[in-house]
2 protein chains.
Amino acid sequence: MNTSRKAAVEEFVERMGLVAEGDGLPRIAGRIMGLMVIEGGPLSFSELAQRLDVSRASISTNTRFLERLGVIERVAQRGERRDYFQLATAPYVHLLQGPVDRMMKAHAVVAHARDQLSVTDEGTRRRLDELGVFYEELGNSFRELAKRFSRDE
Amino acid sequence: MNTSRKAAVEEFVERMGLVAEGDGLPRIAGRIMGLMVIEGGPLSFSELAQRLDVSRASISTNTRFLERLGVIERVAQRGERRDYFQLATAPYVHLLQGPVDRMMKAHAVVAHARDQLSVTDEGTRRRLDELGVFYEELGNSFRELAKRFSRDE
DNA sequence: CAGTTTGTTCGGTTAATACTGAACGTGTAG
DNA sequence: CTACACGTTCAGTATTAACCGAACAAACTG
């Protein structure tokens, strides 16, 4: 039964890798997240490399990446030299920052275009506004979600 | 002054290409969208290739892509053999379908994992639930936005 | 019927980037 | 002091996918 659990965990970790890839994150980052969701406790650098069967170099770059994002945090173990990692509090909020920035950027692109050439044609202005509202609302949704997920859970 | 407008349009079109790329769409698809937002009217296949300085092959694949997505539609011109394209009604809703699907998929991955090994550890179950809720809520937000943008605008 | 235009499809090239192996610096243990 | 463990960095490799040119079928023109 332990073997089937192990298989299930591995499957989940792999799938989280693919999910992450779909969101534009490196696959290994997703696999790290997946493993950390399963195993709560702090995992050592080497343990990650071993369990995921991945080079230490990749663990280094991806833990730094997730750490910088705010999804995981590096913790020290008393008397241990190794680095340990665990999920940050409210880890998933930080996954929304990238999308929020992208939407703001997109909105700015549209607004800039509107300022430059809106005068000319009425239809153009209307279509630019619609597109601008789209990106704006999308950004707002992400921000609201982020607010929700920063409080609780 | 016409030259500056032309430059502004080109800049916007290029930037829309980059925005699209950030959203995981092919750059040319974004450029097509950008051009169509500026020029309202139906644009011919050849015109697109010409204005965007892009191979007809790319126009073919990307118009098909956007058409399939529902963002643009292929329209006929009386007595014309060429294909013309224009923005669909409520074009941007369809850009949300992909994200919605991805979130549902992600949620399913988490739910499946939860079903297989939730029994064992309490913390694991909690963390899986949190992640599941995250994807679920994200999907819901996309759906709500889609509903908003399918009505008006 | 020959020749042209239109859009699609396919094979190959190119560009971006995730990942690895190896070299390195630092700290620790024997 | 030598040997090893740990994490980072860099250069090279591999993989993915966007894009193009060319060959093609279909439809129209003279």
Side-chain angles (χ1 to χ4, degrees), chain A residues 13-36 42-69 71-86 98 102, chain B residues 13-36 42-69 71-86 98 102:
Chain A
V13 168
E14 279 331 298
R15 287 187 177 172
M16 280 301 294
L18 296 182
V19 166
E21 229 169 26
D23 289 343
L25 308 177
R27 179 182 296 200
I28 293 186
R31 299 212 294 153
I32 291 175
M33 281 186 50
L35 191 56
M36 287 192 157
L43 295 176
S44 79
F45 188 99
S46 331
E47 203 171 349
L48 287 174
Q50 202 170 339
R51 295 272 311 253
L52 298 178
D53 195 24
V54 149
S55 74
R56 287 178 319 163
S58 294
I59 296 298
S60 179
T61 58
N62 282 282
T63 49
R64 289 177 87 77
F65 172 72
L66 289 173
E67 191 185 3
R68 178 178 184 80
L69 222 63
V71 175
I72 69 175
E73 51 191 11
R74 198 177 296 244
V75 296
Q77 213 81 338
R78 65 166 283 106
E80 280 275 7
R81 183 150 71 95
R82 307 185 237 192
D83 293 355
Y84 282 78
F85 301 91
Q86 64 187 16
R102 289 213 321 273
Chain B
V13 168
E14 278 333 296
R15 288 186 178 174
M16 281 299 296
L18 296 182
V19 167
E21 229 170 25
D23 290 342
L25 307 176
R27 178 182 298 202
I28 293 185
R31 299 212 293 151
I32 292 175
M33 280 186 51
L35 192 57
M36 289 193 157
L43 295 176
S44 79
F45 189 98
S46 330
E47 202 170 349
L48 286 175
Q50 202 170 341
R51 296 270 313 250
L52 299 179
D53 192 28
V54 148
S55 73
R56 288 179 323 174
S58 293
I59 296 297
S60 179
T61 57
N62 281 281
T63 48
R64 290 177 86 77
F65 172 71
L66 289 172
E67 192 185 5
R68 181 180 181 78
L69 223 61
V71 174
I72 69 176
E73 52 190 13
R74 197 177 298 244
V75 297
Q77 214 81 336
R78 65 168 280 108
E80 282 273 6
R81 185 150 69 96
R82 307 186 237 190
D83 293 355
Y84 283 78
F85 301 92
Q86 63 186 16
R102 288 212 324 272

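All chains are named by letter (A, B, ...) in the order of the sequence lines, taking the proteins before the strands, and each is independently numbered beginning at 1.
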Name each donor-acceptor pair under 3.5 Å that joins a side chain in residues 77-86 of chain A to protein atoms two or more places apart or in another chain, with its distance.
unit_1  : atom_1 : unit_2  : atom_2 : d
A:Asp83 : OD2    : A:Arg74 : NH1    : 2.6
A:Gln86 : NE2    : A:Glu73 : OE2    : 3.3

Checklist line | side-chain hydrogen bond (donor to acceptor under 3.5 Å, both in side chains) pairs, two or more places apart, involving residues 43-52 of chain A | finding: A:Glu39-A:Arg51
Checklist line | Contacts of B:Arg27 that satisfy side chain to side chain donor-acceptor pair (under 3.5 Å) - sequence neighbours left out | finding: B:Glu21
Notebook entry, point to check: Distance from B:Asn62 atom CG to B:Ile32 atom CD1, nearest 0.5 Å?
Noted result: 5.0 Å
Could you list, one pair per line, each protein nitrogen or oxygen that sits under 3.5 Å from a nitrogen or oxygen of nucleotides 2-10 of chain D, together with the distance?
unit_1 : atom_1 : unit_2  : atom_2 : d
D:dA5  : N3     : A:Arg81 : NH2    : 3.2
D:dC6  : OP1    : A:Arg82 : NE     : 3.4
D:dG7  : OP1    : A:Asp83 : N      : 2.2
D:dG7  : N7     : A:Arg56 : NH1    : 3.1
D:dG7  : O6     : A:Arg56 : NH2    : 3.3
D:dT8  : OP1    : A:Arg64 : NH1    : 2.5
D:dT8  : OP1    : A:Arg74 : NH1    : 3.3
D:dT8  : OP1    : A:Arg74 : NH2    : 3.4
D:dT8  : OP2    : A:Ser60 : OG     : 2.7
D:dT8  : O5'    : A:Ser60 : OG     : 3.4

Check: Taking atom CG of A:Leu25 and atom CZ of A:Phe65, what is their separation to the nearest 0.5 Å?
Finding: 5.0 Å
Note to self: How many whole angstroms separate atom CZ of A:Arg27 from atom C1' of D:dT16?
What the structure shows: 11 Å
Check: How sharply is the helix from C:dC1-D:dG30 to C:dG30-D:dC1 bent, taking the axes over five pairs at either end and rounding to 10 degrees?
Finding: 20°
Notebook entry, point to check: Looking at residues at least two apart in the chain, or sitting in another chain, which of them share a side chain to side chain donor-acceptor pair (under 3.5 Å) with A:Ser58?
Noted result: A:Ser55
Next item on the list: Could you tell me from which nucleotide to which nucleotide of DNA chain C, 5' to 3', there is an atom under 4.0 Å from chain B heavy atoms?
Entry: C:dT5 to C:dT9
Checklist line | Residue list, side chain to side chain contact (heavy atoms under 4.5 Å, CB included) with B:Ala76, at least two apart or on another chain | finding: none
Notebook entry, point to check: To the nearest 0.5 Å, what is the distance between CZ (A:Arg102) and CG (B:Asp23)?
Noted result: 5.0 Å
Checklist line | Contacts of type side chain to side chain contact (heavy atoms under 4.5 Å, CB included), residue B:Ser60, not counting sequence neighbours | finding: B:Phe45, B:Arg64
Next item on the list: For DNA chain D, determine which residues of residues 14-25 of chain A have any heavy atom closer than 4.0 angstrom to one of its atoms, and list them numerically.
Entry: none
Note to self: Are B:Met16 and B:Leu35 packed together at the side-chain level, in the sense that at least one heavy-atom pair is separated by less than 4.5 angstrom?
What the structure shows: no
Item checked: Audit row: A:Arg31, A:Val54, side chain to side chain contact (heavy atoms under 4.5 Å, CB included) steps and yes/no -> CA-CA 10 Å; A:Arg31 299 212 294 153; A:Val54 149; 3.1 Å; yes
Margin query: Measuring from atom CD1 of A:Ile28 to atom CG of A:Leu66, what distance do you get when rounded to the nearest 0.5 angstrom?
Written below: 10.5 Å
